[in-house]
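What you see below is based on every heavy atom in this structure, not just the backbone, and it leaves out hydrogens, waters and symmetry mates. Keep in mind it's a predicted model, so treat the numbers as computed, not measured.
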Amino acid sequence: MPDNGWPADRIDTENAHSARIYDYILGGKDYYPADKEAGDAMAQEWPALPIHMRANRDWMNRAVRWLAEEAGMRQFLDVGTGIPTSPNLHEIAQAVAPESRVVYVDNDPIVLTLSQGLLASAPEGRTAYIEADFRDPAAILDAPELRETLDLGKPVALTVIAIVHFMLDEDDAVGVVRRLLEPLPSGSYLAMSIGTAEFAPEEVGRVSREYAARNMPMRLRTIDEAHEFFEGLDLVEPGIVQVHKWYPDGTGDKDIRDEDIAMYGAVARKP
């Protein structure tokens with residue numbers, strides 16, 4: 001048992017996991033040898049992989065800050081949270097508005113084990129964690145932690161960051177996102193980053209095969225398929241673009257090439 005009391009034997013340390021690979025590539029410390037081996041193999045196939053992953057994280061920071069500053073969002077539902085990496089979403093939102101409330105959702109035991117880092121809210125606001133699968137929207141929406149933390153009578157920003165490329169066609173990722181949006185009122189927002197192979201098909205294809213070889217098949221999407229997630233919503237300018245092109249603020253990597261980024265990002269408002 002780790003110090004926080006959750007069972008360590010729920011964590012599979014023998015096989016690589018996407019969240020821990022991401023943590024390793026980003027320079028974190030919450031990974032195991034299998035994750036390092038996988039990350040090194042993937043970076044060997046596509047040396048731009050660290051640039052791509054950092055750009056996605058930087059986009060998340062900018063999108064959440066925009067939602068808090070420009071859209072006035074004070075409630076956030078973050079589905080597919082991943083391993084805590086500072087600044088976490090609530091830290092970004094609460095730096096703008098300390099009263100912001102954030103509900104995190106993930107189904108990975110290691111994220112649950114580390115979730116205390118996601119619960120250190122500013123005293124004016126609140127954070128909560130739900131252990132649930134993205135593919136089960138009802139389990140998320142019916143969770144008491146969500147109802148106790150967020151007021152669904154007021155707008156909510158739903159953030160789905162770098163997760164749908166691990167959902168295959170049979171998982172109906174578009175339908176899942178729509179069901180999560182359905183109970184959210186007018187004025188709510190959807191922020192998503194969506195994996196694509198359109199800018200470096202050979203290199204990203206090789207990385208995808210490395211994931212699949214470790215039982216993590218991927219479904220990368222075209223720009224037209226990315227648009228399906230936002231049907232019926234009002235896209236915020238500049239629309240659906242590669243993440244490094246969405247409101248760049250000069251704080252990320254300089255001179256990023258399009259072929260180094262395999263992720264679309266967009267923010268849209270629910271009418």
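Within the model, atoms CZ of R269 and OG of S188 stand 8.5 Å from one another, a figure rounded to the nearest 0.5 Å. For the atom pair CD1 of I240 and CG of L235, the computed distance is 5.0 Å after rounding to the nearest 0.5 Å. In this structure, CG on L150 lies 6.5 Å from CG on L77, to the nearest 0.5 angstrom. Between D151 atom CG and R74 atom CZ the span is 14.5 Å, to the nearest 0.5 Å. One finds the OG atom of S86 at 8.5 Å from the CD1 atom of I92 (value rounded to the nearest 0.5 Å). Here the CG atom belonging to L181 is positioned 10.0 Å from the CG atom belonging to L141, to the nearest 0.5 angstrom.
Classification of the W66-Y247 ring pair by plane angle, with boundaries at 30° and 60°, yields tilted.
Remark: E170 CD is packed, more than 12 non-hydrogen atoms of other residues, nucleotides or ligands lying under 6.0 Å away. Heavy atoms from other residues, nucleotides or ligands lying under 6.0 Å from CD of Q44 number 12 at most.
Transitive grouping of hydrophobic side chains (ILVMFWY, heavy atoms separated by less than 4.5 Å) keeps W59 and I194 in distinct clusters. Hydrophobic clustering, with ILVMFWY side chains joined whenever heavy atoms are under 4.5 angstrom apart, groups V174 together with I163. Put simply, V79 and Y189 are part of two different groups of oily side chains (I, L, V, M, F, W, Y) that touch within less than 4.5 Å, one to the next. Hydrophobic clustering of Ile, Leu, Val, Met, Phe, Trp and Tyr side chains at less than 4.5 Å, counting indirect connections, keeps V160 apart from M73. Note: the hydrophobic cluster containing I161 does not contain M216 (ILVMFWY, side chain heavy atoms under 4.5 Å, direct or indirect links).
Ring centroid separation for the pair F229 and Y264 does not come in under the 6.0 Å cut-off.
Two residues are said to be in side-chain contact when any heavy atoms from C-beta on lie closer than 4.5 Å; Y104 and I130 fail this criterion. The closest side-chain heavy-atom distance from V103 to T127 is not below 4.5 Å. Counting heavy atoms from C-beta on, the side chains of H52 and I256 never come closer than 4.5 Å. Considering only heavy atoms from C-beta on, L67 comes within 4.5 Å of V267 through its side chain. Using a 4.5 Å cut-off on side-chain heavy atoms (C-beta onward), V64 and F76 make contact. No side-chain heavy atom of Y129 sits less than 4.5 Å from a side-chain heavy atom of V105. Proximity of L168 to P217: side-chain heavy atoms (C-beta onward) are separated by under 4.5 Å at one or more points. The shortest side-chain heavy-atom distance between V176 and F134 falls under the 4.5 Å cut-off.
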Begin with the C-alpha distance, continue with both residues' side-chain angles, and end with the deciding distance and a verdict on side-chain contact (heavy atoms from CB on, under 4.5 Å) for R179 and D172. CA-CA 11 Å; R179 288 193 289 277; D172 186 21; 3.9 Å; yes
Could you walk me through whether M60 and S193 pass the side-chain contact (heavy atoms from CB on, under 4.5 Å) check? CA-CA 8 Å; M60 187 277 285; S193 60; over 6 Å; no
Yes or no on side chain to side chain donor-acceptor pair (under 3.5 Å) for Y22 and N56, after CA distance, side-chain angles and deciding distance? CA-CA 11 Å; Y22 188 69; N56 178 72; 3.2 Å; yes
Would R219 and M167 count as a side-chain contact (heavy atoms from CB on, under 4.5 Å) here? Give the steps. CA-CA 6 Å; R219 172 65 165 86; M167 297 184 69; over 6 Å; no
Between V164 and R221, does the side-chain contact (heavy atoms from CB on, under 4.5 Å) criterion hold? Intermediate values first, please. CA-CA 9 Å; V164 294; R221 291 172 169 84; 4.2 Å; yes
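For S100 and Q75, the side-chain atoms include no donor-acceptor pair closer than 3.5 Å. Remark: the H90 side chain and the D78 side chain contain no N/O donor-acceptor pair separated by less than 3.5 Å. If you check the side chains of D30 and Y24, you find no donor sitting under 3.5 Å from an acceptor. T222 and E198 share no side-chain donor-acceptor pair at under 3.5 Å.
Using a 4.0 Å cut-off between charged nitrogen and carboxylate oxygen, E145 and R126 do not count as a salt-bridge pair. Remark: R65 engages D249 in a salt bridge, criterion side-chain N to carboxylate O under 4.0 Å. Salt bridge annotation for R257-D260: present, with a cationic side-chain nitrogen under 4.0 angstrom from a carboxylate oxygen. The existence of a salt bridge linking K245 and D258 is confirmed by a sub-4.0 Å separation between a basic side-chain nitrogen and an acidic carboxylate oxygen.
A side-chain hydrogen bond (donor to acceptor under 3.5 Å, both in side chains) check over residues 205-216, counting only residues at least two apart or in different chains, returns the pairs E37-R214, E45-R206, E210-R214.
Using modelled atom types, one side-chain atom of K270 and one backbone atom of L184 make a donor-acceptor pair closer than 3.5 Å. Under a 3.5 Å cut-off, the side chain of N88 and the backbone N or O of T85 do form a donor-acceptor pair.
Under the side-chain contact (heavy atoms from CB on, under 4.5 Å) rule, I83 has a single partner from H17, K29, R20, which is R20.
Remark: K36 engages D40 in a salt bridge (charged side-chain N to carboxylate O under 4.0 Å, His left out) (not counting sequence neighbours).
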